[in-house]
Amino acid sequence: MSLSQLARSIAESPTLRLNEEARILREKGEPVINLGIGEPKNKAPINAILQGAARLTSGDVKYTPTDGLPSLKKAIIRYTEETYDRLVAPENVIASDGAKQCLFNILFTLCNPQDEVVVLAPYWVSYPEIIRMCQAIPVIVTPEDGGFHPRFEEVVRAVGSNTKAIILNSPNNPSGAVYSDDFVGRMVEFCETKGIYLILDDIYQKLVFDGLRPKPGTAFTRADSESTKLIIVNGVAKLYGMTGFRVGWTIAPRELVRVMTNVQAQTTSCVSPAMQVAAEGALVGVQNVVESLRLTIQNNRDVLMQELRTFNGVKLRKPEGTFYALVDFRAYSNNSVELSNFLLKKALVVTVPGKEFGMEGHLRLSFAGTVKELQEAVARMKWALDPTSANEIYLGDRKLVRDWM
Ligand code: PMP
């Protein structure tokens with residue numbers, strides 16, 4: 001078949017593929033535990049459901065303005081004012097089908113072929129692929145100390161005359177690391193001096209633990225909404241656990257938003273009005289859902305850490321935010337793809353290979369599920385890998401005996 005070289009070169013999303021594999025196994029009756037996908041178990045906030053449903057029952061489900069319903073934009077402007085201490089105009093806001101489409105639109109709008117976009121490892125799997133879809137080149141900065149916090153000087157070294165933008169994602173998927181205020185501040189100052197765009201993927205912004213209160217990127221600039229080099233990406237997926245609603249938004253200078261709107265108009269036209277109204281419902285409704293989700297996830301993180309501490313050989317770094325831990329399994333294998341496949345086959349636990357995030361030898365474990373699932377999953381993983389753990393295990397009422405060590 002004659003398909004485009006570019007399209008053929010785009011990798012499948014490993015997290016969505018693993019999710020699908022887990023679903024198929026579950027349908028066959030296998031008791032799979034999915035630590036792959038980043039999706040909390042909560043129901044969407046009631047106000048989101050009621051508003052979205054009311055819009056559907058009204059039958060008024062037509063095209064909306066491409067950049068979003070004015071009422072949704074108003075709610076986004078309020079969120080931005082409260083969270084970033086920055087009053088933006090409706091022309092600085094565009095709503096898209098999830099943060100993923102925001103990122104695609106931003107990079108498609110900014111990049112010429114061969115422009116470079118700097119990405120810090122460990123990174124979200126989709127960044128390099130989206131950058132390449134926009135004909136630009138991902139330049140990966142890997143912390144030399146093997147950790148999760150690239151140093152400012154390492155990032156500066158990766159910047160050259162073709163650098164168009166740098167993406168910062170903190171709290172970070174997949175490591176759960178929160179970058180220091182000092183680092184973010186220096187990045188903002190550096191980008192504004194150099195005239196490089198700094199894309200802040202703030203999708204996990206409210207999911208931080210242990211009383212941490214990182215400052216938003218906007219705290220480090222005096223530039224106004226039009227001259228700033230900061231582009232902010234956000235959405236309802238992780239903020240309210242509304243992943244399937246597919247609503248995200250971008251805050252950027254108006255010229256950028258204007259061109260992004262043209263790009264969106266020629267691809268998806270607009271976000272479904274029912275989903276826009278639902279996102280607005282979440283944003284204007286009671287906000288204690290955000291805190292209760294955060295507390296649940298923090299407790300899950302604590303349970304996962306406690307379970308993993310008794311896992312021989314694995315090296316842990318405590319996530320400071322998000323719902324992911326990137327755990328070092330090099331004591332068992334340097335090949336994270338093989339290890340992840342092995343765990344799925346033997347223990348029916350889905351994990352994501354660290355290789356996908358630029359961290360070979362690690363596995364990303366999502367702790368967005370339930371405490372019971374986390375405990376059971378780690379017990380199964382220990383059984384599959386750690387010879388000092390029990391030789392037998394039950395999957396439901398099926399007894400399994402370890403026979404390969
Ligand atoms: N950025 C990061 C870092 C993410 O982890 C994700 C989702 N996993 C997204 C963006 C995309 O979010 P959305 O579901 O709103 O498209």
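Numbering of ligands and ligand atoms starts at 1, following listing order.
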Looking only at heavy atoms of I203, does any of them come nearer than 4.0 Å to an atom of ligand 1?
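In this structure, I203 qualifies as a contact of ligand 1 - some heavy atom is under 4.0 Å.
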
With a cutoff of 4.0 Å, is G98 in contact with ligand 1, counting heavy atoms of the residue only?
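It does, in that a heavy atom of G98 comes within the 4.0 Å cut-off of ligand 1.
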
Check this for me: does any side-chain nitrogen of one of [X] and [Y] sit under 4.0 Å from a carboxylate oxygen of the other?
X    : Y    : value
R78  : E82  : yes
E12  : R17  : yes
R157 : E144 : yes
E373 : K41  : yes

Numbered atoms of ligand 1 (with element) below 4.0 Å of N169, judged on heavy atoms
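Every atom of ligand 1 under 4.0 Å from some heavy atom of N169: 3 (C).
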
Taking 4.0 angstrom as the limit and counting only heavy atoms of Y204, give me the atoms of ligand 1 inside it, by number and element.
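Numbered from 1, ligand 1 contributes 3 (C), 4 (C), 5 (O), 8 (N).
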
CZ/R402 to CD1/I393 distance, rounded to the nearest 0.5 angstrom?
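Result: 9.0 Å between the selected atoms.
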
Specify the protein heavy atom at minimum distance from [atom]: its residue, its atom name, and the distance to 0.1 Å.
atom                    : value
atom 7 (C) of ligand 1  : K238 NZ, 3.2 Å
atom 16 (O) of ligand 1 : R246 NH2, 2.8 Å
atom 12 (O) of ligand 1 : A99 CB, 3.6 Å

Identify whether NZ of Lys or CZ of Arg in K238 sits under 6.0 Å from the centre of the six-membered ring of Y204 and within 45° of that ring's axis.
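Cation-pi check for K238 and Y204: fails.
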
Where the closest heavy atom to atom 11 (C) of ligand 1 is concerned, which of W124, Y127, W249 has it?
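Minimum heavy-atom distance to atom 11 (C) of ligand 1 goes to W124.
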
Evaluating non-hydrogen atoms only, which member of N173, V233, D201 is closest to atom 2 (C) of ligand 1?
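Residue with the shortest heavy-atom distance to the ligand atom: D201.
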
I need the contact type for Q101 against ligand 1. Using non-hydrogen atoms and a strict under-4.0 Å cut-off, is it side chain, backbone, both or neither?
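For Q101, there is no contact with ligand 1 at all, from either part.
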
Does only the side chain of A237 get under 4.0 Å from ligand 1, or the backbone, or both, or neither? Count heavy atoms.
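Side chain only.
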
So for ligand 1, is Y324 a polar contact partner (N or O within less than 3.5 Å, distance only)?
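Between Y324 and ligand 1, no N or O pair is found under 3.5 Å apart.
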
Between E376 and Y394, is there a side-chain donor-acceptor contact under 3.5 Å, judged purely by atom types and distance?
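No pair is found: no donor N or O on one side chain lies under 3.5 Å from an acceptor on the other.
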
Does Y127 have its ring centroid less than 6.0 Å away from the ring centroid of Y123?
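No; Y123 has its ring centre 6.0 Å or more from that of Y127.
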
